[in-house]
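Before anything else, here's the structure in question.
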Amino acid sequence: MADRLAHVWAKSPNPGSQQGEPLAGHTANVLARLTGWRARYPQLSSHTSCPDLLWDLAAWACLLHDVGKVARGFQLMVRNGPRFPHRHEVLSLVAVGWLDVAFTHRELLAAGVATHHYDAPEILYRYPYGEDARADLLRELSNEDEDSLQGWLEGHGAPDPTRWGFGRLPTLRRLSSSEALADGMHALASILERVERLDARHPHALAARILRGLVMLADHAGSAHERHLGAPSLESPACLFEHLARAGWSHFWPHQLECAGLDGHGLLTAPTGSGKTEAALLWSARQRERSSADRPIFYVLPYRASLNAMRLRISERYGVPEGAVVLQHAKATADLYSFLTSRKGYSGQEAVRAARHEHDLGRLMTAPVRVLTPYQMLKAFFGLPGHEAILTDAAGGLFILDELHAYDIRRLSLILAAVHHLAHDLGARFLAMSATFPHLLRAMLAEVLGQDPQLIHADAVTEGKFRRHKLHLLNDDLAASTTLDEIAGRYRRGEAVLVVATTVARAQQLFDALQHRVGSEGVWLLHSRFTAADRGEKEERLGSRVGTGRRSTDDLGTILVATQVVEVSLDVDFDVLFSDPAPLEALVQRFGRVNRGRRGPLRDVFVSSTPTKHSGRVYQMSDVQRAVEILRPWNGHPLEERDVQQMVDAAYEPIAAAWQSEVRSQVKRALDSIISANHPLTSHPELEAAFTKLFDGYEVVPSAMESEYRRRMEENPLTASLLRVPISNVQCQKLRRAGLLRDEVAHVPYDPIRGLNLSFRDNES
């Protein structure tokens, strides 16, 4: 039949074109994209109050979401006319009011249609009952338009949802447009009032959240003409095994094979370098195979610095196509730009295009594999704009949680509360993994998951093959002449030496002292207070010199003086370690940067038993002192993997009851005051600053780079972002009080060798 709304454009013409995108074409695109989310997690509807009808309601909402664009003023606007002063999605509620459905279903339809751009309170505020705004909006719909729209919905042009396996659109009631709009607005007000009274985890609140989320997701993907991408190598363990075999893999560890056969939640403990990433992806492939669904995979890492390397690794080693694995966090575009220019050799223009395209893919959530920090997901629970789309997309997701020990109790508790909600209420599955898994943390994960996840350990044979280190406790401080002389001697013998300091200021002091002994050639400094450009260049050059499997073949020594940023952000392989004392799990991660590739005999790891002056500003001193005492019996002996696990459990023993009680209390508080209060259909952008303060810290521009930064902001903001330096909230406030931070410019020394100098306070890594 002829399209009675063929003249209605949903989008303005693209540059160089005279024809806009027709309403029917855009609507069909959106319905097609909705099938992508259904294929990812068909059981999504089972978590809602309408398990038998959710997908049909979502399809009908997608069908109706833009019909208000029939408005004459809107059609003038997309043809280069004046701005349309109304909200087209409110006029779309006329069609919602026409549908002959139960009122509870009309509520959900109204939520999905009216809020795919703005929150429900904003819509209701702009168009209150009995005011002129509604009458003005209805005047945009002529009698002829009204007849055409009804005919369009009854089969004369509208896409048929049954074409994609959804239910047929219900019949229309014979109401005037005014009556239908009033009914649709009443339904919207009713559902908003209802969900604000409910726990956000209630099935009806979840239905409202998911309806809005699905319409937003499908509309954004349809508008961008982006399709859901596949990851064929991750469709089953057999597919991934086949890909790895073609890439030259001939041996798999028992714990990797166990993960390939595990159904449901799991906890994996295996030595650093023993293939935990492969094990996690085999687990993911198993879940996808067993559920016959394209569940998205979320690879969650503690620090931004390690995201790009993991993204590249998944793409290059495991057969995931370009674009199917993306970074998903607020600063992904700038981080990827830095990575592409410093690591991949892209020109500035090439890097801009690639970084912006991947940012768009991350925003659209169509990629099957995402690499992110937990904060990107946690933002959704703070009611920030778009939270319904983020949480809907996460439903049924497969979450790989790496190195949970890296978070303090406050952040860990928020993560565990999110795990509880995603697992219990939205069908997500989790694999947590680490080189060491404290018994207390295993117990808490089992508690929040509500069942005992399967425990997978590297077996004794595997652990025996990862016997790599011999422990030495030093009575002297790292800055003592005897220790510095030993480090210099190792360097002169051609060894790669890792020196890990507690704070940036201390690392800078050790760096200066070692340069004085051996000269500047071959001595490196790495910490968090470098610009992205300088840090990226350092990490690239270090990787080519001491990267795992990429060791330089010359006989020249290397010294890297670093803070704890080295623990997870670099795939490096040193010959010897000299470390300040630190909590045991941090020390274990540092040990893992030495002899990582198992290149030969046992390698020495030296730990000073003397706490540094400012250790208490970074760590709990009791944790540091406890770690030293636990290590003493192994002084002078090889370290076995099973011994390391015992050490980690012993470190928690004195605080076990208090730690467990505090985590339980904070998880419950987060569930009650954050997760349960995260009501759908509305957002709280004012909380973004509070969230950023809680998690992300700040970035400043060194004053020496201010003029260059301003120039780049004008010409290419992505390159400007490479000149920013991250600092903590505490440091930010200290700079402000000292009058040294003005308009994001920090008036303190900076150079690319030593980084930002914040010597007035020393609590940064």
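This chain uses plain numbering: 1 for the first residue, then up along the sequence. Side-chain atoms are counted along with the backbone in the values below, which use heavy atoms only and exclude waters and symmetry mates.
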Quiz item: Are the side chain of Asn595 and the backbone of Arg599 linked by a donor-acceptor contact shorter than 3.5 Å?
Solution: yes
Self-check item: Minimum heavy-atom distance Ala207-Cys50, with the two atoms named
Solution: CB-SG, 4.3 Å
Quiz prompt | His47 side, atom NE2; Ile210 side, atom CD1 - distance, nearest 0.5 Å | solution =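 Taking NE2 in His47 and CD1 in Ile210, the distance rounds to 7.5 Å.
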Quiz item: Could you go step by step and tell me if Thr272 and Arg468 meet the side chain to side chain contact (heavy atoms under 4.5 Å, CB included) rule?
Solution: CA-CA 11 Å; Thr272 302; Arg468 295 171 287 188; 3.9 Å; yes
Quiz item: Under a 4.5 Å cut-off applied to non-hydrogen side-chain atoms, are Met444 and Gln660 in contact?
Solution: yes
Quiz item: Measuring from Thr269:OG1 to Ile456:CD1, what's the distance to the nearest 0.5 Å?
Solution: 9.5 Å
Quiz prompt | Nearest-0.5 Å distance that lies between atom NE2 in His421 and atom CD1 in Ile675 | solution = 6.5 Å
Quiz item: Which heavy-atom pair separates Ala200 from Ala205 by the least distance, and what is that distance?
Solution: O-CB, 3.7 Å
Side-chain donor-acceptor pairs of residues 249-257 under 3.5 Å, sequence neighbours excluded:
residue: His255; atom: NE2; partner: Ser274; partner atom: O; Å: 2.9
residue: Gln256; atom: OE1; partner: Trp253; partner atom: N; Å: 2.9
residue: Gln256; atom: NE2; partner: Gly275; partner atom: O; Å: 3.0

Quiz item: Do NZ/NE/NH1/NH2 and the carboxylate oxygens of Asp408 and Arg411 come within less than 4.0 Å?
Solution: yes
Quiz item: What is the minimum heavy-atom distance between Pro368 and Ala324, and which atoms define it?
Solution: CD-O, 3.1 Å
Quiz item: Is any NZ, NE, NH1 or NH2 atom of the basic residue among Arg590 and Glu567 found under 4.0 Å from an Asp or Glu carboxylate oxygen of the other?
Solution: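 Result for this pair is yes, salt bridge flagged.
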Self-check item: Inter-residue atom distance Lys470.NZ - His637.NE2, 0.5 Å rounding
Solution: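 Those atoms lie 9.0 Å apart.
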Quiz item: Does a side-chain heavy-atom distance below 4.5 Å link Leu206 with Arg209?
Solution: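 Yes. Closest side-chain heavy atoms under 4.5 Å.
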Self-check item: Closest non-hydrogen atom pair, Ala417 against Val667
Solution: CB-O, 4.0 Å
Practice problem: Would you check if the side chain of Trp55 reaches a backbone N or O of Gly165 as a donor-acceptor pair within less than 3.5 Å? | Solution: no
Self-check item: His243 side-chain N/O to Gly319 backbone N/O, donor-acceptor pair under 3.5 Å
Solution: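 Yes, His243 side chain to Gly319 backbone: donor-acceptor pair under 3.5 Å.
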Self-check item: Donor on one side chain, acceptor on other, Ser284 and Arg288, under 3.5 Å
Solution: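 Per modelled atom types, Ser284 and Arg288 side chains form no pair under 3.5 Å.
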Exercise. Examine distances only and state if a side-chain atom of His220 and a backbone atom of Met216 form a donor-acceptor pair shorter than 3.5 Å.
Key: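 Flag set: sc His220 to bb Met216 pair under 3.5 Å.
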Quiz item: Leu445 and Phe437: side chain to side chain contact (heavy atoms under 4.5 Å, CB included), yes or no, with the steps?
Solution: CA-CA 11 Å; Leu445 274 166; Phe437 234 125; 3.8 Å; yes
Self-check item: Residues Glu289 and Arg286 bridged, charged N to O under 4.0 Å
Solution: yes
Taking only distance into account, with no hydrogens and no angle test, what donor-acceptor pairs under 3.5 Å do side-chain atoms of residues 648-659 form with protein atoms, sequence neighbours excluded?
residue: Asp649; atom: OD1; partner: His439; partner atom: N; Å: 2.8
residue: Tyr652; atom: OH; partner: Glu585; partner atom: OE1; Å: 2.9

Quiz prompt | Pro321 and Pro232, any side-chain heavy atoms less than 4.5 Å apart | solution = yes
Quiz item: Distance from His387 atom NE2 to Thr392 atom OG1, nearest 0.5 Å?
Solution: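 The NE2 atom of His387 sits 10.0 Å away from the OG1 atom of Thr392.
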Quiz prompt | Salt bridge flag under 4.0 Å for residues Lys465 and Glu641 | solution =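 So Lys465 does not pair with Glu641 through a salt bridge.
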Quiz item: Taking all non-hydrogen atoms of both residues, which atom of Val594 and which atom of Leu577 are closest, and how far apart?
Solution: CG2-CB, 3.6 Å
Exercise. Could you walk me through whether Val572 and Leu498 pass side chain to side chain contact (heavy atoms under 4.5 Å, CB included), step by step?
Key: CA-CA 10 Å; Val572 287; Leu498 175 61; 5.9 Å; no
Self-check item: Check: Asp573 side chain, Gly597 main-chain N or O, donor-acceptor pair, under 3.5 Å
Solution: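 Pair found, side chain donor or acceptor close to backbone of Gly597.
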Practice problem: Give a yes or no answer on whether the side chain of His679 reaches the backbone of Leu198 with a donor-acceptor pair at less than 3.5 Å. | Solution: yes
Self-check item: Approximate separation, where rounding is to 0.5 Å, of Tyr318 OH and Leu244 CG
Solution: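 Spacing of OH (Tyr318) from CG (Leu244) equals 7.5 Å.
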Quiz item: Do side-chain atoms of Asn635 reach the backbone of Leu473 as a donor and acceptor pair under 3.5 angstrom?
Solution: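 Side chain of Asn635 to backbone of Leu473: a pair is present.
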Practice problem: Flag this pair as yes if the NZ/CZ of Arg598 is under 6.0 angstrom from the six-membered ring centre of Phe466 and inside a 45 degree cone about the axis; otherwise no. | Solution: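 Flagged: Arg598 positioned over aromatic ring of Phe466.
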Quiz prompt | Closest non-hydrogen atom pair between Asp393 and Arg370, with its separation | solution = OD2-NH1, 2.8 Å
Quiz item: Checking Ser315 side chain against Arg311 main chain: does a donor-acceptor pair fall under 3.5 Å?
Solution: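 No, the answer is negative, given that no donor and acceptor are paired below the 3.5 Å cut-off.
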Quiz item: Quick one: does Leu584's side chain get under 4.5 Å of Thr436's, heavy atoms only?
Solution: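 No - every pair of side-chain heavy atoms lies 4.5 Å or more apart.
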Quiz item: Would a 4.5 Å heavy-atom cut-off, applied to side chains only, mark Arg429 and His265 as touching?
Solution: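 When only atoms from C-beta onward are counted, His265 and Arg429 do touch, with a gap below 4.5 Å.
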Exercise. Give every residue pair that meets the ring pair (Phe, Tyr, Trp, His ring centres under 6.0 Å) criterion with at least one member in residues 278-302, sequence neighbours excluded.
Key: Phe298-Phe399
Quiz item: Is a side-chain donor or acceptor of Gln454 paired with a backbone partner of Leu268 at a separation under 3.5 angstrom?
Solution: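 No; judged by distance alone, with no hydrogens or angles, the pair does not exist.
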Quiz item: Could you walk me through whether Asp402 and Val300 pass the side chain to side chain contact (heavy atoms under 4.5 Å, CB included) check?
Solution: CA-CA 6 Å; Asp402 200 4; Val300 184; over 6 Å; no
Quiz item: Heavy-atom distance under 4.5 Å between the side chains of Val644 and Trp634, does that happen here?
Solution: no
Self-check item: Test item: Ser622 and Arg626 side chains (from C-beta on) under 4.5 Å apart, heavy atoms
Solution: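 The answer is no, as the side chains (C-beta and beyond) never meet within the 4.5 Å cut-off.
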Quiz prompt | Val588 and His405, any side-chain heavy atoms less than 4.5 Å apart | solution = no
Quiz prompt | Option among Leu301, Leu307, Leu378 that satisfies the side chain to side chain contact (heavy atoms under 4.5 Å, CB included) test with Thr373 | solution =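 One option only clears the test, and that one is Leu307.
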Quiz prompt | Over 12 non-hydrogen atoms of neighbours within 6.0 angstrom of CD in Gln620 | solution = no
Practice problem: Please confirm whether the backbone N or O of Gly383 pairs with a side-chain atom of Asn678, one donor and one acceptor, at under 3.5 Å? | Solution: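 Here the side-chain-to-backbone pair exists.
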